[in-house]
**Student:** 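Pasting a structure here, questions to come.
For the numbers below, each heavy atom of this structure counts, side chains included, while hydrogens, waters and symmetry mates do not.
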Amino acid sequence: GLHLSEELLAELGRRGVQVLPVTLHVGLGTFLPIRSQSIEAHLMHTESYSVPPETAQAVNLALAEGRKVLAVGTTAVRTLESAWREGELRPGEGQTSLYILPGYRFRVVSQLLTNFHTPQSTLLVLVCAFAGRQAILRAYREAVRERYRFFSYGDAMLIL
């Protein structure tokens with residue numbers, strides 16, 4: 001995630017937090033605004049992802065032990081949720097056009113660190129699906145009132 005410096009990652013490691021990589025090769029589709037009459041009618045473009053074996057193994061163990069999985073960024077959410085098949089996180093490479101809408105049942109991710117996203121974006125829809133529309137609208141009202149920075153290099157929120 002763009003919010004985590006090498007120093008912060010090292011400090012998290014010292015505190016026992018496992019930091020594991022996943023990759024989503026983001027295309028323009030992730031950032032295209034929703035232009036359809038309803039959010040359900042929007043179509044996502046397909047993007048490639050990869051989940052290293054070590055990541056899949058550690059996440060599966062965490063889930064089996066009842067521990068929480070924090071995704072840093074909506075791209076990590078889409079990768080992890082896309083790679084979930086037959087009751088486990090599968091390592092390897094794949095393709096996804098996963099569009100997470102309200103009502104989606106998250107299987108892997110239980111916490112999220114993410115930016116404040118643009119209106120009419122699939123990323124904002126994902127965040128609303130994760131935390132609930134009303135909670136996100138309250139957070140955005142506060143972000144605007146407090147002059148938080150939005151978009152990819154802006155401020156972030158931690159959703160537990």
**Student:** Looking only at non-hydrogen atoms, find the nearest pair between Leu126 and Arg78 and report the distance.
**Tutor:**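 That would be CD1-CG, 3.7 Å.
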**Student:** Using a cut-off of 6.0 Å, state whether more than 12 heavy atoms not belonging to Glu93 lie near its atom CD.
**Tutor:**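 Incorrect, the count does not exceed 12.
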**Student:** Is any side-chain heavy atom of Gln18 closer than 4.5 Å to one of Arg67?
**Tutor:**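 The answer is yes, as the side chains (C-beta and beyond) meet within the 4.5 Å cut-off.
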**Student:** Find the distance between CZ (Arg90) and CG (Asn60) and round it off to the nearest 0.5 Å.
**Tutor:**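 Those atoms lie 9.0 Å apart.
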**Student:** Within the structure provided, determine whether Ile34 and Ser36 are in side-chain contact (heavy-atom separation under 4.5 Å).
**Tutor:**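 The answer is yes, as the side chains (C-beta and beyond) meet within the 4.5 Å cut-off.
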**Student:** On a heavy-atom basis, which atom in Phe116 and which in Ala143 lie closest, and how many Å separate them?
**Tutor:**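 Residues Phe116 and Ala143, closest heavy atoms: CE2-CB, 3.6 Å.
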**Student:** Decide yes or no on side-chain contact (heavy atoms from CB on, under 4.5 Å) for Val125 and Leu101, but give the supporting numbers first.
**Tutor:** CA-CA 6 Å; Val125 171; Leu101 296 157; 3.7 Å; yes
**Student:** Check Ile39 against Pro102 and note the closest heavy-atom contact, atom names and distance.
**Tutor:**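 Answer, listing the atom of Ile39 first, then Pro102: CD1-CD, 4.1 Å.
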**Student:** Is the closest side-chain heavy-atom distance between Leu98 and Met44 below 4.5 Å?
**Tutor:**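 Of all side-chain heavy-atom pairs linking Met44 with Leu98, none is under 4.5 Å.
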**Student:** How long is the straight-line distance from OG of Ser110 back to CZ of Phe130, given to the nearest 0.5 Å?
**Tutor:**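 It comes to 6.5 Å.
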**Student:** So Leu124 and Thr118, do their side chains get closer than 4.5 Å, heavy atoms only?
**Tutor:**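 A side-chain contact under 4.5 Å is absent here.
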**Student:** Quick check: do Pro21 and Thr55 have side-chain heavy atoms less than 4.5 Å from each other?
**Tutor:**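 Result yes, sub-4.5 Å side-chain heavy-atom pair found.
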**Student:** Going from CG on Leu24 to OG on Ser82, what distance comes out if it is rounded to the nearest 0.5 angstrom?
**Tutor:**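 One gets 7.5 Å once the value is rounded to the nearest 0.5 Å.
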**Student:** Looking just at side-chain N and O atoms, do Thr96 and Glu47 make a donor-acceptor pair shorter than 3.5 Å?
**Tutor:**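 No, Glu47 and Thr96 have no side-chain donor paired with an acceptor closer than 3.5 Å.
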**Student:** Between Arg138 and Glu142, is the closest basic N to carboxylate O distance under 4.0 Å?
**Tutor:**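 So Glu142 does not pair with Arg138 through a salt bridge.
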**Student:** Judged by atom type as modelled, is there a donor-acceptor pair below 3.5 Å linking the side chain of Glu81 to the main-chain atoms of Phe106?
**Tutor:**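 Not confirmed, Glu81 side chain does not pair with Phe106 backbone.
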**Student:** Is the number of heavy atoms from other residues, nucleotides or ligands within 6.0 Å of CD (Glu146) greater than 12?
**Tutor:**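 Check passes, neighbour count above 12.
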**Student:** Linking Ile, Leu, Val, Met, Phe, Trp and Tyr by side-chain heavy atoms under 4.5 Å, what else ends up with Leu70?
**Tutor:**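 Cluster partners of Leu70: Leu4, Leu8, Leu9, Leu12, Val17, Val19, Val72, Leu113, Leu158, Leu160.
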**Student:** Do Leu89 and Leu61 belong together in a cluster built from hydrophobic side chains that touch within less than 4.5 Å?
**Tutor:**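 In one cluster: no.
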**Student:** Same cluster for Tyr104 and Tyr49 if Ile/Leu/Val/Met/Phe/Trp/Tyr side chains link at under 4.5 Å?
**Tutor:**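 Yes, because Tyr104 and Tyr49 connect within a single hydrophobic cluster, where side-chain heavy atoms sit under 4.5 Å apart.
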**Student:** For Ile136 and Ile159, which heavy atoms make the closest approach, and how far apart are they?
**Tutor:**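 Taking every non-hydrogen atom into account, CD1-CD1, 4.0 Å.
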**Student:** Show your working on side-chain contact (heavy atoms from CB on, under 4.5 Å) between Thr79 and Thr23 and close with a plain yes or no.
**Tutor:** CA-CA 7 Å; Thr79 300; Thr23 301; over 6 Å; no
**Student:** Between OG of Ser97 and CG of Leu43, what distance do you get to the nearest 0.5 Å?
**Tutor:**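 Atom-to-atom, Ser97:OG and Leu43:CG are 8.5 Å apart.
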**Student:** Is the ring centre of Tyr148 less than 6.0 Å from the ring centre of Phe150?
**Tutor:**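 Centroid distance Tyr148-Phe150: not below 6.0 Å, so no.
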**Student:** Measure the shortest side-chain to side-chain distance between Tyr140 and Met157 over non-hydrogen atoms and say whether it is less than 4.5 angstrom.
**Tutor:**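 Yes. Closest side-chain heavy atoms under 4.5 Å.
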**Student:** Can you name the nearest heavy-atom pair linking Leu80 to Val22, along with the distance?
**Tutor:**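 Distance-wise, the nearest heavy atoms are CD2-CG1, 3.9 Å.
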**Student:** Check whether Val51 and Val59 end up in the same hydrophobic cluster, where Ile, Leu, Val, Met, Phe, Trp and Tyr are linked by side-chain heavy atoms less than 4.5 Å apart.
**Tutor:**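 Yes, one cluster joins them.
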**Student:** Gln111 vs Val69, test: side-chain contact (heavy atoms from CB on, under 4.5 Å). Steps then yes/no.
**Tutor:** CA-CA 6 Å; Gln111 301 175 331; Val69 173; over 6 Å; no
**Student:** Considering non-hydrogen atoms only, spot the tightest contact between Ala71 and Val77 and give its length.
**Tutor:**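 Smallest interatomic distance, heavy atoms only, reads CB-CG2, 3.6 Å.
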**Student:** With a 6.0 Å cut-off (strictly less than), is the heavy-atom count around CD of Glu40, excluding the residue itself, greater than 12?
**Tutor:**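 Enclosed.
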**Student:** Can you list the residues that meet the side-chain hydrogen bond (donor to acceptor under 3.5 Å, both in side chains) rule with Tyr99, with sequence neighbours excluded?
**Tutor:**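 Expected list: none.
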**Student:** Give the cluster check for Val109 versus Trp84: same hydrophobic cluster or not, with ILVMFWY residues linked at side-chain heavy-atom distances below 4.5 Å.
**Tutor:**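 In one cluster: yes.
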**Student:** Atom CD of residue position Glu65 - does it have more than 12 heavy atoms of other residues, nucleotides or ligands inside 6.0 Å?
**Tutor:**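 Counting other residues, nucleotides and ligands, CD of Glu65 exceeds 12 neighbours.
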**Student:** How about CZ on Arg147, more than 12 heavy atoms from neighbouring residues, nucleotides or ligands closer than 6.0 Å, or not?
**Tutor:**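 No - once you tally the heavy atoms of other residues, nucleotides and ligands closer than 6.0 Å, there are 12 at most.
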